[in-house]
**Student:** 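Shown below is the structure under consideration.
Values below: all heavy atoms of this structure, side chains included; hydrogens, waters and symmetry mates excluded. Convention: sequence-line order gives letters A, B, ...; per-chain numbering from 1. As the structure is a prediction and not an experimental result, all values here were calculated from the model.
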Amino acid sequence: MTQQVYTYGIVRAGHRLPRPATGIGAPPERLRLLDVGPLSAVVSGAPAGLLARRRDLLAHQRTLLTLSREGPVLPMRFGSVAPDEETLRRQLADAPDEKLRTLERLDGRVEMNLKALVVEGDLAELLRQDAHLRRLHHESRTRPGYENSVRLGQAVAESLTRRATRAATRTVQQVRGLTEASAPGPTVEGCALNLSFLLPRENESRFRDAVERAAAEHAGRTELRVSGPLPCFSFTEPRRPPAGRARPRPRRAAPAAATSEGRS
Amino acid sequence: MTTTTTTYRDNITPVPRTGTLYDVIDIILDRGMVIDVFLRVSLVGIEILKVDIRIVIASVDTYLRFAEACNRLDLEADTRSRTVPELFGGGGGGMVRKAGEQGAKKAVESGERKAKKAATGAKKAAGGARDKVKSALPGSD
């Protein structure tokens with residue numbers, strides 16, 4: 001009989017399971033290792049009716065973080081279910097060297113995510129600093145109407161986004177030295193920057209301190225949020241081209257996509 | 001027009017927050033190794049789990065709200081007394097600039113207090129006006 005297998009991540013053979021060895025589901029599914037050569041998959045049964053519930057998202061993340069205390073973990077995306085054990089074994093047997101290289105790269109590292117959010121803040125300050133906005137403001141006041149309002153509002157939105165992007169770029173420069181790689185996160189509306197960093201675990205608190213200093217510096221103008229340590233979700237490829245090759249994207253008013261700056 | 005929810009939380013000091021699911025939901029759902037032949041969990045109902053952002057920037061509603069907010073500002077009074085070159089033109093105006101900023105901040109704060117009271121009514125009025133304009137300009141949206 002075939003049974004679906006929920007897959008948390010891939011580890012080196014001999015990796016110890018956490019105690020209690022439980023994962024997603026209610027009641028929590030029991031974790032086990034599925035060994036193939038030099039690698040093991042950390043798996044459990046797949047609960048029926050699996051959805052992206054808060055409880056299970058947290059359990060997936062917690063399991064991976066706990067596992068990473070015992071050695072590097074190549075994390076699977078949430079909700080990865082192998083149709084059966086045999087399929088999973090075949091996948092593990094495929095390109096094991098590549099997976100081992102990735103594990104080596106992730107050994108002792110954590111992922112930290114930095115988001116820079118556009119903040120409305122003090123619009124008067126923004127207008128004083130921007131002649132173009134003042135002109136649109138004047139027009140909108142002297143000739144009130146829908147179109148002038150939209151034009152003014154859109155220019156304000158663009159200006160706020162540029163300000164957040166500048167703050168983000170500066171912050172990235174300030175923390176770059178503590179990190180080894182970066183990878184843009186998915187586009188999130190309202191985020192001028194969504195960037196994940198790979199860094200040695202021992203740099204975590206210094207990284208956090210640096211972001212907190214930057215957050216204080218930009219308070220009221222741009223909100224900087226740091227999250228982590230996370231499982232290394234954004235660094236699962238063996239040889240990622242250095243982040244420096246990322247092309248700068250055209251800056252638009254629209255929710256500023258994640259940007260990746262070059263590594264120094 | 002799409003309706004968007006806007007969060008106003010500018011009075012809260014932005015400090016970095018750590019480890020809340022909402023700040024990393026994008027990463028958890030969208031990053032991590034993927035194996036093609038695996039099944040993927042359904043993301044039905046996931047829209048309730050979104051990164052908690054401050055403002056939805058790219059929407060006409062937001063633009064109009066920004067414009068409203070700008071039009072409530074009394075920049076004229078402020079810039080008459082301190083010209084822009086004085087404020088930002090370098091030339092050793094550090095103190096002046098600081099004083100200007102503080103004055104402006106106060107003005108804005110008191111303006112905001114007043115504006116907040118009027119905001120609900122104004123918003124309704126603006127919404128009504130917008131609808132009228134839109135119905136008068138077919139196909140403009």
**Student:** Does A:Arg163 have any salt bridge (Lys or Arg N to Asp or Glu O under 4.0 Å) partners at least two apart in sequence or in another chain, and if so, which?
**Tutor:** none

**Student:** Does any backbone or side-chain atom of A:Ile10 lie under 4.5 Å from a heavy atom of chain B? Answer side chain, backbone, both or neither.
**Tutor:**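 Just its side chain gets close to chain B.
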
**Student:** Please report the closest heavy-atom contact between A:Leu127 and B:Cys70, naming both atoms and the distance.
**Tutor:** CD1-SG, 3.7 Å

**Student:** How close do B:Ile28 and A:Arg77 get, heavy atom to heavy atom, and via which atoms?
**Tutor:**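 Closest approach of B:Ile28 to A:Arg77: O-CG, 4.2 Å.
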
**Student:** Quick one: ring pair (Phe, Tyr, Trp, His ring centres under 6.0 Å) partners of A:Tyr6, sequence neighbours excluded?
**Tutor:**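 Residues passing ring pair (Phe, Tyr, Trp, His ring centres under 6.0 Å) with A:Tyr6: A:Tyr8, A:His60.
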
**Student:** Drop me the distance from B:Asp26's CG to A:Thr187's OG1, to the nearest 0.5 angstrom.
**Tutor:**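 The distance works out to 9.5 Å.
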
**Student:** Does some side-chain heavy atom of A:Ser80 sit less than 4.5 Å from a side-chain heavy atom of B:Ile35?
**Tutor:**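 With C-beta onward as the side chain, the pair stays apart.
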
**Student:** Side chain to side chain contact (heavy atoms under 4.5 Å, CB included) between B:Leu64 and A:Tyr146: does it pass, once the steps are laid out?
**Tutor:** CA-CA 8 Å; B:Leu64 292 172; A:Tyr146 181 76; 3.8 Å; yes

**Student:** Output the distance between atom CD (A:Gln154) and atom OG1 (B:Thr62), rounded to the nearest 0.5 Å.
**Tutor:**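 Answer for the CD-OG1 pair, A:Gln154 versus B:Thr62, is 11.0 Å.
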
**Student:** I'd like to check B:Arg31 versus A:Glu111 (side-chain heavy atoms, cut-off strictly below 4.5 Å). Are they in contact?
**Tutor:** no

**Student:** Taking B:Asn71's backbone N and O only, do any of them form a donor-acceptor pair with A:Arg141's side chain (distance below 3.5 Å, no angle check)?
**Tutor:** yes

**Student:** Determine the minimum heavy-atom distance between A:Glu120 and B:Ala69, stating which atoms define it.
**Tutor:**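 In this case the closest contact between A:Glu120 and B:Ala69 is OE2-CB, 4.4 Å.
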
**Student:** Roughly how far, to the nearest 0.5 Å, is CZ of B:Phe66 from OG of A:Ser159?
**Tutor:**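 The CZ atom of B:Phe66 is 10.0 Å from OG of A:Ser159, to the nearest 0.5 Å.
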
**Student:** For the atom pair CG (B:Asp36) and CD (A:Gln91), what is the distance rounded to the nearest 0.5 Å?
**Tutor:**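 Rounded to the nearest 0.5 Å, the CG-CD separation comes out at 8.0 Å.
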
**Student:** Would you say the side chain of B:Leu29 lies within less than 4.5 Å of the side chain of A:Leu57, judging by non-hydrogen atoms?
**Tutor:**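 Yes, close enough: below the 4.5 Å cut-off.
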
**Student:** Can you say whether A:Leu136 sits under 4.5 Å from chain B via the side chain, the backbone, both, or neither, judging by heavy atoms?
**Tutor:** neither

**Student:** Heavy atoms only, distances under 4.5 angstrom: which of B:Val37, B:Ile27, B:Val34 has the most pairs with chain A? Name it, please.
**Tutor:**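 Ranked by contacts with chain A, first place is B:Ile27.
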
**Student:** What pair of heavy atoms forms the shortest contact from A:Ser149 to B:Ala67, and how long is it?
**Tutor:** O-CB, 3.3 Å

**Student:** Measuring from B:Asp23:CG to A:Leu230:CG, what's the distance to the nearest 0.5 Å?
**Tutor:** 10.0 Å

**Student:** Would a 4.5 Å heavy-atom cut-off, applied to side chains only, mark B:Met33 and A:Lys99 as touching?
**Tutor:** yes

**Student:** Is any side-chain heavy atom of A:Met76 closer than 4.5 Å to a side-chain heavy atom of B:Phe38?
**Tutor:** yes

